[in-house]
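The structure under discussion appears below in the form of structure tokens.
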Amino acid sequence: MPPDRWFAVGLADASEDNAGQRAAHAALSHDDAKLLIVFCSVSDDLPALIGQVRSRSGSVPLIGCTTAGEIAPKGPRDGSIVVAALGGDGFAVGTAAAAGASEDLRAAGARAARCLPSPASHPHQVLLLLTDGLATDQEEIVRGAYSVLGAGVPMVGGCAADGLKMTKTFQFHGDRVLTDSVVAAGIASTGPIGIGVRHGWRPMGEPMLVTASGPNQVVTLDGRPALDVFFERLGAGAEQIGPDDFPGLALMHPFGLSRHSGEEQVRFITSADFTTRSLSCTARVPQGSLVWLMEGDAGGVLDATDAASNASLAALGGVPPLGMLAFDCVARRGALGDRGIEQEIGRIAAVAGEAPFAGFYSYGEIARTHGMRSLYNHTLVVLSVA
Amino acid sequence: MPPSAWFPQQLVGFLEAVWSAPTETAAARMAIERAAEAMDAEVAAIVSAGHLFAAVGYPEGGVPLAELSLLVAGGQAGQLTVPGAGPSRAACVPMHYPPGAAFIVARAGPEGGLLHDEASLLQGMARVTSMAMRTQRLLDDERAAREESDRQAAENARLLTELTQRQEQLTELAGVQAALRRVATLVAAQAAPARIFAAVAEEVGLLLRGDVSGISTFDGEGSQILMAVWSRTGAHIPLPIDSPVTLGPDSLAARVLRSGRPVRLDIDGGVSGQVPTIYTELGLHSAVGAPILVGRRTWGVISVASSRPEPLPAGAEQRLADFTELLTTAISNAQARREVTRLADEQAALRRVATLVATGVPPDEVFDAVIIEMRLLLDAAIATLLRYEADGTVTVVAASSERGLETSLPERLTLEGVSVAAAVRSSGRTARIDGFDGPPGSIAATYRALGMHSAAGAPIIVEGSLWGSIVAHWRDRQSVPADSEGRIAQFTQLVATAISNAASRAQLAASRARIVATADETRRRIERNLHDGIQQRLVTLTLELRGLQDAVPPGDDGLPVSLAHAGDELVSILDELREISRGVHPAVLSQGGLGPALRSLARRTSLPVVLDTGEIERLPQPVEAAAYYVVSEALTNAAKHANATGVQVQLSVKDSWLHLSIRDDGDGGADPAHGTGIIGLIDRVDALGGKLRLRSPAGRGTSLAIGLPLDQ
């Protein structure tokens, strides 16, 4: 008799023949799969790769996206394909894709969220969202989904990536390979679902008030040009740091937005305008927000890995996990380095124990368990299913 | 930056976001979302009692309006069920706008209540939201009003355009209708087709703002015949009316004829044909034409041409079609009228001839009448009635031409060569030929010489034998009407009947004369026998009885009395015998003639008779006998049946006819069908070829007029 719920992961090097099929084969440990979740690097022939998966899985619902690195029990990868499968009568799944999302990101989020099934027999629900990481305002997507689901349903997910090329990301739905889309899987389960969210960065000094901001832009902090304040807080003279040095500095010093409960919401500073002395972020930093510059080290980031994984398990209320999905910020990868991420995956594996896991390095992480704000950077989001 | 700066900065950020919303609803939605985000709250809403403006944190379609309304009614704070979290602390800030609304925020968890700063922020946010929503409402209303105004302005403009167009259409339509009515009136009044054509050409020319219009018919031989032409300026169009002009293969008329549909055409020098050539010379650029259909045939074309550079108006084809229906009706009417007239003429001619035949006029009169009527009816040049003779010749019994009865034709002709008479003679049926060919003296040569080209004829068959034929001749093939042979045949039947009747009548009259003559002769012999035999012997016997009476001796009283009685009886018998012999054949008629006989008759009649015989001489014996018996019978009828009190009898002789008139003042109502007396009179008169007319209206006496030919 097959298990009521099961979770399995398959992995293949995308350059191998029929990689998609082999990864799917490994993931499909039972016949009654309900959902396939596919993460892979951007490659020349994604439709062929998805076709290979589908050649094994048939019509099992499928969502997925491209990455800035894949996460699997054997370690982090580039150029691989990771397939997670969940199945059994204990899961009920609906999927959706909202193409052309940039026309109305909020509506795309709402459209995707409506796929959630709600059978009375499956009380535990989560919406898994995969968005185009190059979309201008990811928060609008999440707001759209929240307007449909409300506070009763948690959300997790990540923003699709393209290996830091920042040109085009792809989302998968069924046999379709999309871009500028939101794909979603609404998962209802008879077993509990846990979500852990941690970044591991520490606030530096006093908070600052965002006194002027625009979309994805912080113009002034405490009434002064944001870039100047940024340098000042880091103790670096503006004359010493040029544009070339800025990315490395920003990677290690994101903004942290204060919030009522839990950790600060971290915002990745993507670039600086040395003329207007403003800073650009991956998402909006509202005027009136209290923000800190954050600092950290590999140890702290790895601690966050443990914390997020454990938090997601803790939320299961003692029920052993069947598997995990990890949405890890590409900036954390940058901060950890190649060795660091090997260690990070090892830590996840240690927490997961027997449970398989899959995930990817993303351009943004989605997690909503309380409040409305649910878009993160520099953060690891872990979803555990039991 | 002091912490006191946090509050206004938050509010400024909030204000910027909310004021950027395009509508009131969007402003409300944005406000609650930003508030929830700012305060890390799960639920935010703007609600008035029973009305939801915006809410977030609830599943789609699952906003608990009642619970939220209750919170609004309750005041500043309370509890709210946050989905996924259960009962939580909620803040509720009244708003200036919308009226009665409150801004609600609920944060899950045991410590969800708002901090002091947050409560102040929420107050500020509620005020900002009120202002933004109110402003947006005004803007929304104004936008809606402007859009409505724009929409109405556009709608008004559209309506105005439409109305103007309709007005133009109506004006045009009214013009069309008026024109159609004018033409229809003409058609209904059965005006001459030429007048209708001219009217239609003018109407369509004016309606379609053309310069030249025309109506033509197709003659079926590659030509069109112009029936009417109109020009805007009234200038003469150099095209012949009523005579064929060649149809150019690419001309408008030819295209209409080929397609059977309306055609538009740009006239340029490349279109050949007489009409296009003239149109090009007249500077006409474009033309439109439509077929005129009569039955299934394209009878003709109606066309309008314009010299202006722009094309003729859209819908010109339909306008033309409107009129072609009327034209079709007019043409059909004219044709139907011609057909009816023709039939009526034919029936009238046949009736006249039939009446002649019925009244028993001599065949020669019938022949003349037939030949005149038939020629007129068939519009033939010459019509002849021929009798076939045993020697292979024909006798021209009667002939007529445009001059009337034609007597210039030879009386005898031969049947050699090609002629209808010859064809009828050999087949016994109707025949039709085009072209004569035969030797001099033949029918063929004679008619060819007279300029005849076509002929049609039908046999006269009397009592099953071919007697002759009637043949009509025309100068050309086109003049021969349809079914000429069949129509001639109707006349030949009447002629045959007339001939047959005349023969029968002659036989009947002869037979009756023989009967009457025999009867009269018998009567005369009886009268002679009576007079010369029995009467003489009775007279002798009477005289002898008178002698015996005188010779009886006296004393025998009985014998003389008996003898005297016998003598009286004999005298009485003699009187009766004389009476009888007079009735059989009055001797006075044979001896004294009609006058004395009628006077004797009048004396013996019980009624007063006024007799006017004039100076009448002796007449042929059958005539005297017939007249005597007619008068005798009439007097008997007047005395016995008519209750007359007097009778007038008048005799006169004029133009070899004896005219006899008998009138009484009796009851009238005499009917030849009842009572053999009058039939006997008719027989007697008919036997002599005489005429008898009886008038006997009820209550107004009876009059008999009799004519008896003296030429016996």
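The sequence lines fix the lettering, A, B, ..., with proteins before strands; numbering per chain opens at 1. Because the structure is a prediction, the values reported are computed rather than measured.
Other residues, nucleotides and ligands contribute only 12 or fewer heavy atoms inside 6.0 Å of the CZ atom of B/R261. Within a 6.0 Å sphere centred on CD of B/Q152, heavy atoms belonging to other residues, nucleotides or ligands number more than 12. More than 12 heavy atoms of other residues, nucleotides or ligands sit less than 6.0 Å from atom CZ of A/R233.
For B/A44, no part lies near chain A; criterion is any non-hydrogen pair under 4.5 Å. Contact annotation for A/S258: neither backbone nor side-chain heavy atoms come within less than 4.5 Å of a heavy atom of chain B.
Rounded to the nearest 0.5 Å, atoms CD (B/E42) and CE (A/M372) are 10.5 Å apart. Distance CE/B/M39 to CZ/A/R373: 11.5 Å, rounded to 0.5 Å. Atom CD of B/E37 and atom OG of A/S289 lie 10.0 Å apart (nearest 0.5 Å). A distance of 9.5 Å separates CD in A/Q287 from CG in B/L15, rounded to the nearest 0.5 Å.
Scored by the side-chain hydrogen bond (donor to acceptor under 3.5 Å, both in side chains) test, A/Y376 finds A/R259 as partners (sequence neighbours excluded). Taking B/E310 as the reference, B/R308 meet the salt bridge (Lys or Arg N to Asp or Glu O under 4.0 Å) condition, with sequence neighbours excluded.
The shortest side-chain heavy-atom distance between B/M30 and A/R143 does not fall under the 4.5 Å cut-off.
Minimum heavy-atom separation, B/Q10 to A/G288: NE2-O, 2.6 Å. When all heavy atoms are compared, the tightest approach of A/V210 to B/Q9 is O-OE1, 3.8 Å.
Interface residues of residues 100-116 of chain A toward chain B, defined by a heavy-atom distance below 4.5 Å and sorted by number: A/R106, A/R114. Against chain B, the residues from residues 149-156 of chain A that qualify, each with a non-hydrogen atom under 4.5 angstrom away, are A/L149, A/G150, A/A151, A/G152 in number order.
Residue with the most contacts toward chain A among B/P83, B/G13, B/A55, B/G62: B/P83 (heavy-atom pairs, distance under 4.5 Å). Taking chain A as the reference chain and counting heavy-atom pairs below 4.5 Å, the highest number among B/A41, B/G84, B/A36 is found for B/A41.
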